[in-house]
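Down below is the structure, laid out as structure tokens.
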Amino acid sequence: MTDVFVVGIASTALGKFPEKSVKDFTREAVHGALKDAGASISDIEAAWFSNTRQGALEGQNTIRGQCALRPLGIQGIPVTNVENACASSSSASLQAVAHIKAGFCDVALVASGEKMFFPEKREAMFKAFSGGTDIHRLEEFRQKITTMGQDLIPEQFQNIDTGQRSFFMDSYAAQARLHMETFGTTQKQIAAVASKNHWHSTFNHLAQYQHAVTVEEVLKERLVSWPLTLPMCAPISDGGAAAIICSEKALPRFMKKRAVRIRGISLVSGTDRQPEDFQNHIGRLASLKAYEQAQIDAKDVDLAEVHDATAFSEIQQIENLGLCPSGEGGALSEQGHTSLGGKVPVNTSGGLVSKGHPVGATGIIQLFELVTQLRGEAGKRQVENARIAVAENGGGFYECEEAATVVTVLEGGRSNG
Ligand SMILES: CC(=O)SCCNC(=O)CCNC(=O)[C@H](O)C(C)(C)COP(=O)(O)OP(=O)(O)OC[C@H]1O[C@@H](n2cnc3c(N)ncnc32)[C@H](O)[C@@H]1OP(=O)(O)O
């Protein structure tokens with residue numbers, strides 16, 4: 001089977017852009033990725049597209065990819081729409097990799113345009129998140145998560161209305177409380193992750209928020225769902241991203257020196273595990289599979305982008321990726337080991353909490369950061385001598401964890417000859 005490479009990749013600026021459409025983000029991202037690869041539209045033999053919101057908020061229920069790509073001249077080739085909640089575009093990447101490995105094509109496009117911010121439809125904007133779980137069991141899930149670690153919530157924060165928010169913030173808050181109860185993780189450690197990611201994003205001109213926030217400031221901010229405060233939560237974001245990937249055979253047509261090899265990619269769905277069973281967390285299962293494919297060990301990882309839909313999630317995911325033992329993610333983060341300049345920098349882009357989280361596009365945006373790093377083009381946030389990078393992208397929520405998780409292992413530099 002052929003090796004598969006990323007030869008072109010781009011992300012738009014992320015943020016709240018009420019004047020822009022899904023088509024605008026897609027156009028900018030696809031043109032950026034083609035330019036980066038030195039490719040043209042006629043090079044693309046098959047395309048995958050991800051978007052999660054256009055159906056719920058704009059009524060574009062199906063064929064979103066065809067609608068966004070045809071105006072760019074991408075037509076007459078297979079176009080497949082992939083929806084897997086926040087893991088949509090990484091799931092799409094896996095389909096494209098499999099297609100190339102199976103020999104169906106040599107050059108593929110994976111693209112996403114996402115629009116989440118609709119100030120005039122605020123209620124619908126938040127309600128749309130509930131579609132990322134089993135809507136027929138929403139109340140059951142809600143009750144279950146409310147009871148998780150409830151005793152830990154300080155009295156002054158119990159039963160208070162913290163305003164409109166996505167269902168997911170309550171789910172992650174419940175998981176955070178369970179982790180605190182089990183391992184002694186502290187709210188201050190979660191704040192340290194948020195503060196570190198906000199600092200990282202000061203070096204990322206595409207990030208939604210680009211200001212530093214101290215640990216103390218994070219803790220003093222508005223509460224969203226205990227123990228999570230505002231800067232610990234992924235914001236509402238618009239944006240797009242695209243990648244051109246190819247087989248070994250097609251590689252000489254592109255800038256070989258800047259190519260990054262996809263050494264492993266795995267997709268796992270959640271299981272019936274109990275919340276306390278951390279060893280079988282979906283992120284752990286997905287990373288083990290991807291590491292096996294890539295024939296690497298956690299100690300080989302030079303940097304990672306993980307799905308910090310909340311700052312707590314980063315603690316959970318670095319444990320799942322094996323960057324530290326279970327229960328030690330909070331301490332590892334607080335001691336600065338996951339910061340730029342630390343042992344294994346995590347979320348150098350600023351992560352979802354600061355760089356932004358246009359959900360369908362997030363998988364490719366994570367790859368964009370890692371490819372930029374592996375090419376040595378990350379400027380002030382560059383991780384020295386980075387060779388192996390890992391992306392972890394989680395989507396949806398079923399029972400007590402993400403419904404889908406994709407882990408991708410990338411290798412840059414000397415692997416490409
Ligand atoms: C599997 C998964 O990935 S699930 C995750 C999917 N994503 C989500 O669930 C999104 C979760 N986020 C939310 O629900 C919302 O963003 C909330 C509740 C946290 C905040 O929403 P609101 O109360 O409407 O606040 P709003 O977005 O208006 O922000 C107000 C201001 O606070 C500040 N702010 C908001 N979020 C952040 C953040 N993460 N970091 C720093 N500042 C922030 C900004 O100054 C912002 O104003 P601006 O965006 O206009 O500059």
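Each ligand, and each atom within it, is numbered from 1 in the order the structure gives. Side chains are part of it too, since the values below use all heavy atoms of this structure and drop only hydrogens, waters and symmetry mates. Note that this is a predicted model, so its numbers are computed, not measured.
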*Please write down residue, atom name and distance for the protein heavy atom closest to atom 24 (O) of ligand 1.*
Arg122 NH1, 2.9 Å
*Nearest non-hydrogen protein atom, atom 14 (O) of ligand 1*: Ser166 N, 3.0 Å
*Show which atoms of ligand 1 fall inside a sub-4.0 Å distance from at least one heavy-atom site of Met169.*
8 (C), 9 (O), 11 (C)
*asked:* Measuring from atom 12 (N) of ligand 1, which candidate in Pro358, Gly396, Ala234, Cys233 has the nearest non-hydrogen atom?
replied: Ala234
*Is Arg375 salt-bridged to Asp36, going by a charged N under 4.0 Å from an acidic O?*
yes
*Answer yes or no for Met116: is there a heavy-atom contact with ligand 1 below 4.0 Å?*
no
*Can you tell me if Gln208 has a non-hydrogen atom under 4.0 Å from ligand 1?*
no
*Heavy-atom nearest neighbour in the protein, as seen from atom 28 (O) of ligand 1, with distance rounded to 0.1 Å*: Lys16 NZ, 3.7 Å
*Look only at interatomic distance and state if His357 has a nitrogen or oxygen under 3.5 Å from any nitrogen or oxygen of ligand 1.*
yes
_Spatial distance of atom CH2 (Trp226) from atom CG (Asp170) [nearest 0.5 Å]_ = 14.0 Å
*Considering non-hydrogen atoms only, spot the tightest contact between Leu303 and Gln373 and give its length.*
CD1-CG, 3.6 Å
*asked:* Please state which option from Thr405, Val224, Leu230 has its nearest heavy atom closest to atom 36 (N) of ligand 1.
replied: Leu230
*Verify the distance criterion only: is there a donor paired with an acceptor across the side chains of Ser354 and Gln208 at less than 3.5 Å?*
no
*Under 4.0 Å from any heavy atom of His198, which atoms of ligand 1 are there?*
40 (N), 41 (C)
*So, Ser50 side chain and Ser88 main chain: donor-acceptor pair closer than 3.5 Å or not?*
yes
_Donor-acceptor check, side chain of His200 to backbone of Leu340, threshold 3.5 angstrom: yes or no?_
yes
*Shortest protein contact, atom 7 (N) of ligand 1 (heavy atom only)*: Phe129 CE2, 3.3 Å
*Gln143 and Glu139: side chain donor to acceptor below 3.5 Å*: no
*To the nearest 0.5 angstrom, please state how far the OG atom of Ser91 sits from the CD1 atom of Ile265.*
8.0 Å
*asked:* Need the ligand 1 atom indices (1-based, order shown) with element for anything under 4.0 Å from a heavy-atom of Ala309.
replied: 2 (C), 3 (O), 5 (C)
*Can you list the atoms of ligand 1 that are under 4.0 Å from a heavy atom of Ile236?*
16 (O)
*Identify the closest protein heavy atom to atom 2 (C) of ligand 1: which residue and atom is it, and at what distance?*
Cys86 SG, 3.2 Å
*For His307 and Cys86, work out which heavy atoms get closest and say how close.*
CE1-CB, 3.7 Å
*Between His211 and ligand 1, is there a nitrogen or oxygen pair with a distance under 3.5 Å?*
no
*asked:* Tell me the nearest of Tyr172, Phe126, Phe117, Tyr209 to atom 21 (O) of ligand 1, using heavy-atom distances.
replied: Phe126
*Does the pair His281 and Thr405 meet the rule for a side-chain contact (heavy atoms from CB on, under 4.5 Å), with working shown?*
CA-CA 10 Å; His281 197 285; Thr405 290; over 6 Å; no
_Quick one about Glu314 and Asn347 (side-chain donor to acceptor, distance below 3.5 Å, no hydrogens or angles considered), yes or no?_
yes
_With a 4.0 Å cut-off on heavy atoms, is Gln164 in contact with ligand 1?_
yes
_Residue Arg165 vicinity, atoms of ligand 1 by number, heavy atom under 4.0 Å_ = 14 (O), 18 (C)
*Among all protein non-hydrogen atoms, which one is nearest to atom 23 (O) of ligand 1, and what is the separation to 0.1 Å?*
Arg222 NH2, 3.1 Å
*asked:* Whether the side chain of Gln175 engages the backbone of Arg177 through a donor-acceptor N/O pair (distance < 3.5 Å, no angle test) should be reported.
replied: no
*Run the numbers for me: atoms of ligand 1, each under 4.0 Å from some heavy atom of Gly394, listed by number.*
1 (C)
*Just jot down the ligand 1 atoms closer than 4.0 angstrom to any heavy atom of His307, in number order.*
1 (C), 2 (C), 3 (O)
